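Predicted, not measured: the structure shown is a model, and the values here were computed from it. These numbers come from the heavy atoms of this one structure, side chains and all, not from hydrogens, waters or symmetry mates.
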Amino acid sequence: MKRFNFTGRKKILKDDVKVKLRDDFGHSPVVDVRLDISEYEFPGQAKVILEAEHKTRFMRIDLGLVHPVVMLNGIVLDRFDDAENLQFRIKVVDVENGGLLFGIANKIKPYDKDDNLDTNSKSILPVESKDLTSYGVLWRIDWGNDSVVLQVDRELGSKDQVVRSLTFKSFIFPAAVHLILRKIVNDRWDSDLSDTDELQTQWILFAQQLGAGLPDPSEDADNDDWIESTIRLFMQKLNVRNKLLEDVMERGLK
Amino acid sequence: MKIGRLRDKGVERFIRFLDGHRSGVPQDLPNDFLSNNTFVEPIGGDSDWLNELDLGNRLSAAKGLHEIVLKLNLTSAEKDSGFWSWCSVFLFDRLCKTSGSSFKPGELPIWIAEPDNYRRYYRHYLASIWSVYAAHKDREDKLKVLLNGPVNTPGELWAQVAATETLITNPSMIDAVYGLYWDEAKHERKKGSGGNSPRRLTKVLKQFDKTYDFFSMSGDEIIALLPAEFDRFKNTQ
């Protein structure tokens, strides 16, 4: 399905936005924000807004009027307990004309104090450790507004331990990817792949980069082959099959 | 007895209790469940405060819950899943729907609060209405459009608006929903506000969310954006 932007709303590039976590925060995360937006030619009377969100938490911070460089340091995000999986959005708003958006940047991830992006943030499928007792499972896919996270039960160990394990890579990861790809091709997705902030577009481009090509956009296509190809290519890249079989042999399980 | 919060073992036991009723093989909770240290961490106060809640009116119940939260000095009530789940157990007999002599508890999120999952959090009978009341109590007169009816009958308008966090967190959106769907002359929701209209409303608003910053707009400005299919609700106070 094609998506058109009739409104003239400009997409602010992530390279022009930097949200950096300070390491000196106590209870709540503290960030410094810098935007370089001179090239977008936003009107001077427009307002710049920072939105922070994670799960059910949400905060809006007024960064003031448009300037070539917009900066605000020491923003205390007191509605959040920590910075894990925190995401940001920048909006440039025409406050004099009914809230029309002049520009927007979505899914901004923060840098740490050493100017590194969190490695979990860079992953197409972030992993989260949490209590899944009420779900009765050891892992599940959690669909957010426009995001997807693989949750593993905290009783399995730390998130880092779990994702490094052969069991996870061999059995959980491919099953999770299968569920995600199935939902993506079953839901409406943009065949033009025009908005790389969209979750469906990101996953389809990911599959394309692996060599699986694009799914068939026809309504009656089941895309089983495309999904299987994507998973096969993905597992080849992870190179776990042989490692797992070796492990099984070593343990005398075979 | 003192109000408490369920420990992990308490949550697990409660889930078994709920699943038992759902499967038709009830497993009763221990008689002392609500005060048993294995399952419950005591907080304080008095459970009679919960008995006094008017569960036939969501706005009144939300207000009462907020007073309890304040009296207990729960500074992190929004995240306190154990507290809300304890309240669910305490009020279970009054809240749970029945079919004949059998309880029909419905889905787990109705009873077990999940603060980290907005898709499930809004379904909790108690935590969700408290959360919205606490966020918008300065608009109590307008909350009635979302918080009308009994606690255990949320309705479609609530299901649509509360499930969308960008809508439910926005005070202007509360004003817009009130302006659209509340009949001030009759002191009730307008006819048709509970059918397909809320679903269409959230769908339309999600599209407009790509173009407008709703937080910068008033309720009237948001209503003015809506297409002709909503004309029958506009300006009909």
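- Using a 4.5 Å cut-off between heavy atoms, A:Asn106 makes no contact with chain B at all.
- Looking at A:Lys10 and A:Glu39, no side-chain N of the basic residue comes within less than 4.0 Å of a carboxylate O on the acidic one, giving no salt bridge.
- For B:Phe14, no part lies under 4.5 angstrom from a heavy atom of chain A.
- Looking at A:Tyr135, only its side chain comes within 4.5 Å of chain B, counting heavy atoms on both sides.
- Of the listed residues (B:Glu140, B:His66, B:Arg58), just one forms a side chain to side chain donor-acceptor pair (under 3.5 Å) with B:Tyr133, and that residue is B:Glu140.
- When the candidates B:Ser76, B:Ser216, B:Ser218 are compared by the number of heavy-atom contacts under 4.5 Å with chain A, B:Ser216 comes out ahead.
- Taking 4.0 Å as the cut-off between side-chain N and carboxylate O, A:Lys20 and A:Asp32 do not count as a salt-bridged pair.
- Only the side chain of A:Lys130 comes within less than 4.5 Å of a heavy atom in chain B; its backbone stays farther off.
- A donor-acceptor contact closer than 3.5 angstrom links the side chains of B:Gln160 and B:Thr202.
- Here B:Asp19 pairs with B:Arg22 in a salt bridge; the nearest charged N to carboxylate O distance falls below 4.0 Å.
- By number of non-hydrogen pairs under 4.5 angstrom with chain A, the leading residue of B:Glu12, B:Met217, B:Glu78, B:Lys79 is B:Lys79.
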